[in-house]
Structures are given as structure tokens and as C-alpha cells.
Amino acid sequence: MEKFQEALLAWYRENPRSLPWRGEKDPYRILVAEVLLQQTRTAQAIPYYHRFLARFPTLKALREASLEEVLKAWQGAGYYRRALHLHLLAQEVEALPRSYAELLKLPGLGPYTAAAVASLAFGERVAAVDGNVRRVLSRVFALENPAPRMLRNLAQGLLPQGEAPGEWNQALMDLGATVCLPRRPLCSECPVAPLCQGRVDPGRYPGARRRKVREEALAALVLWGREGVYLERLEGRFAGLYGVPLFPQEELPRRVRSFGVDPRFAGEVHHTLTHRRLRVGVYVAPWDGEGAASRREQLVDPGEKPLPKLMEKVLRQAQAFLAHEGILPFPHAKAHGVKPFEPG
DNA sequence: AAGACGGGGGA
DNA sequence: TCCCCAGTCTT
């Protein structure tokens, strides 16, 4: 496999991607990049990388911030548990541990991220196996459905002796990201194509994972007043973020009764998650919190809270409806701009 | 082993 | 539409 290593390293020296965290030495900044990159495309992660680090430049700054501030900086990036784990981790350790084994114990760090940080920041000889590496190795060795364990062993055995482990890991990932593409790989440009056992049928390796998408009918209740909208801290899905009450469609009558309101239908919004298609009926009602003193203080400007994209859609829909009806919108209306109301 | 967890981009 | 992304955590 020496030829494989030489060919890939030679290619990488000529074709490295230019990324904000390339050449970065600060383990904390490397960690933030790697966590942001979990299940997230590089192009999507880059703006958040800059935003997050501008706000929390050091582990200490992150530690001293509130969870809500951290989530606010993460808003829009998705998989919000990542932000929670980063904040948690900052409380747990004074400084980042320097070994793979210790890094693996931290919340939010699995085999990939621990290996990436250990190799990139501390030069440890551990292979980082992400989706790119999985795809590259599956093709090179014609593996249709390799187990994570055997893939890690395989990658570990491939680490070259004379090369910095971090460089090697990045070389493998760059190849996957720019040449060994999921669909229609650019085999004619691939430095290891002559050694690739899967080249005859790249689409076969690794085999496709199928996922079933289920539909969910929900209702959102937008209670608005002069001071803002009634928001609560969400649990389960979008845990830690804020939003208007969201529940299964069939619970609408019960929830309406419990708030003592008489809402109007403001339209529907759709939102897709990895394994779910959400169809959300938006219902709006004026509300001043009367008869529910404990809730009155929850009337806030949504712009101040970390909201998931779904809630932004819901609020936009509600606000468009109110504008269409000539009703005074809630304070945050201007922040998002008013879109024409579209019935149905 | 399977499901949950966001959001977006490319074919 | 479907795929899947520099994955991790929980049943």
C-alpha cells in the first residue's frame, strides 16, 4: 500500500483545499470546526465557524457564556445538541485533553471528532474516519457495507510512517470531498484510480443506505401581544431552543382551551427534517397573558431568542397573515420583513 | 442495530 | 424528489 500513500500525498500537496481552519494550531478552534462539520457540508459550516469564534474566541469565553448565548450563536446550524455539548465540555475541562482516549470521553466527541482533534491539534497517530474516508476506502477496497470498526482498523493501518497524521487524514478527506464524490466520482482525475478495486462500479461502494421518511401533522399556536409573542423553551426536538407551542394537530382543541383563546387559521408551513416531513398548521390569537400571570412574562421579542428554522417559518407565516388582515403585527415583524399572505 | 436529531445543496 | 453531508447519542 506504499504506492497508495505516495500517490495520495503527492496529489494532496498539489491540490489541498483552502479552508479557514487549515493550518490552525489552536486545539479549541480546531474542535469548533470539527464539531460544526459533523453531518454538515463544509460550505455551510464556514460562516458559523467565523461567527461562533468571533463570539467565543476561547474555551474560557465559551465557559463563561450562558447556554442561551451559545445556542443563539449556533442558530441555523442545526443539530443543536452539538452546541449544548460544547458548552458542557467547556465547563468540564480547563483545557482540552491531548490524547484521543481522553478526547473521546468529552460530550459530543465520538470516534471521528476525537481522532480529528488528536491528529490535527496534537499530532497523534489516529485515523479520522468520516463519510469521505468511508467512501474512499469502500471504493478502493470494493467494500459494499463495511462495519465502522473494520473501517477504522483499515484506515489506521494505512497511516504512513513519515507523514504527519493530521496531514494524511486531511488528504484522504479532501480526496473524498473533491474527487471521490458520492455520485459521478471523477475517477479520471483520481491519483489512486489505478489501485482502486471499485473503479469499475463506483456507485456500488459503499452501498446506499435507505431511510424512510414519515409525515407528521402538527399545529403551532402563535399568541401575540404588545410586548411580543408567547415563547416557551422547547423540549425533545429542538431542545434548548425557543418557540411557540407546537403539538400534534389533534391536540389543538385541548391546547386552545387551556390558553382560553379563540385563534384563527393563518395558513400552513412545511418543514423537512432528515426522517420527517412536518406539515404545520399555524393558528394565531391576540393574547395579553390575562388569567395566566406566570405566562405573561413569556411574551418576548422572538429576535432575542435562539429559534429553530421551523419557528422562523411559523412566525413569518403568522405575521404575514396579520399584516394581510390589517392587524398590528408583533414587534419582531420588521426584523423579518413582511411577506404577502398566501392562503392555504 | 435502529432511530433521533437540522438544515441545505446538488443532481 | 432523493441523497447525504468532516457524526453522536440513546434505546
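Chain letters run A, B, ... following the sequence lines, proteins first and then strands; every chain starts at 1. As the structure is a prediction and not an experimental result, all values here were calculated from the model.
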- If you find the nucleotide of DNA chain C closest to R277(A) and the one closest to G108(A), which residue's nucleotide is nearer the 5' end? R277(A)
- Ion pair E216(A)/R279(A), N-O distance below 4.0 Å: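 So E216(A) does not pair with R279(A) through a salt bridge.
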- Query: Taking any atom under 4.0 angstrom from a heavy atom of chain A, which nucleotides of DNA chain C are the first and last to qualify, 5' to 3'?
  - Reply: dC3(C) to dC9(C)
Taking [M] as the reference, what is the distance to [N] when you measure between their [atom1] atoms (whole Å, please)?
{"N": "dG9(B)", "M": "dT8(C)", "atom1": "C1'", "answer": "23 Å"}
{"N": "dC5(C)", "M": "dC5(B)", "atom1": "C1'", "answer": "14 Å"}
{"N": "dG6(B)", "M": "dC4(C)", "atom1": "C1'", "answer": "13 Å"}
{"N": "dG3(B)", "M": "dC3(C)", "atom1": "P", "answer": "16 Å"}
{"N": "dC9(C)", "M": "dG8(B)", "atom1": "C1'", "answer": "23 Å"}

Regarding [X], tell me which of base, sugar-phosphate or nothing describes its non-hydrogen contacts under 4.0 Å with the strands shown.
{"X": "K212(A)", "result": "sugar-phosphate"}
{"X": "R134(A)", "result": "nothing"}
{"X": "A45(A)", "result": "nothing"}
{"X": "R22(A)", "result": "base"}
{"X": "L19(A)", "result": "base"}
{"X": "L36(A)", "result": "nothing"}
{"X": "W21(A)", "result": "base"}
{"X": "G176(A)", "result": "nothing"}

- Range on DNA chain B touched by chain A, heavy atoms, distance below 4.0 Å: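 Here the contact window of chain A covers dG3(B) to dG10(B).
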- Task: Kindly check if the number of other-residue, nucleotide or ligand heavy atoms within 6.0 Å of CZ (R98(A)) is above 12?
- Result: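 No.
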I'd like a table of donor-acceptor pairs (distance under 3.5 Å, sequence neighbours excluded) in which one partner is a side-chain atom from residues 243-253 of chain A, with atom names and distances.
from: Q249(A); atom 1: NE2; to: Y283(A); atom 2: OH; distance (Å): 3.4
from: E251(A); atom 1: OE1; to: R254(A); atom 2: NH2; distance (Å): 3.3

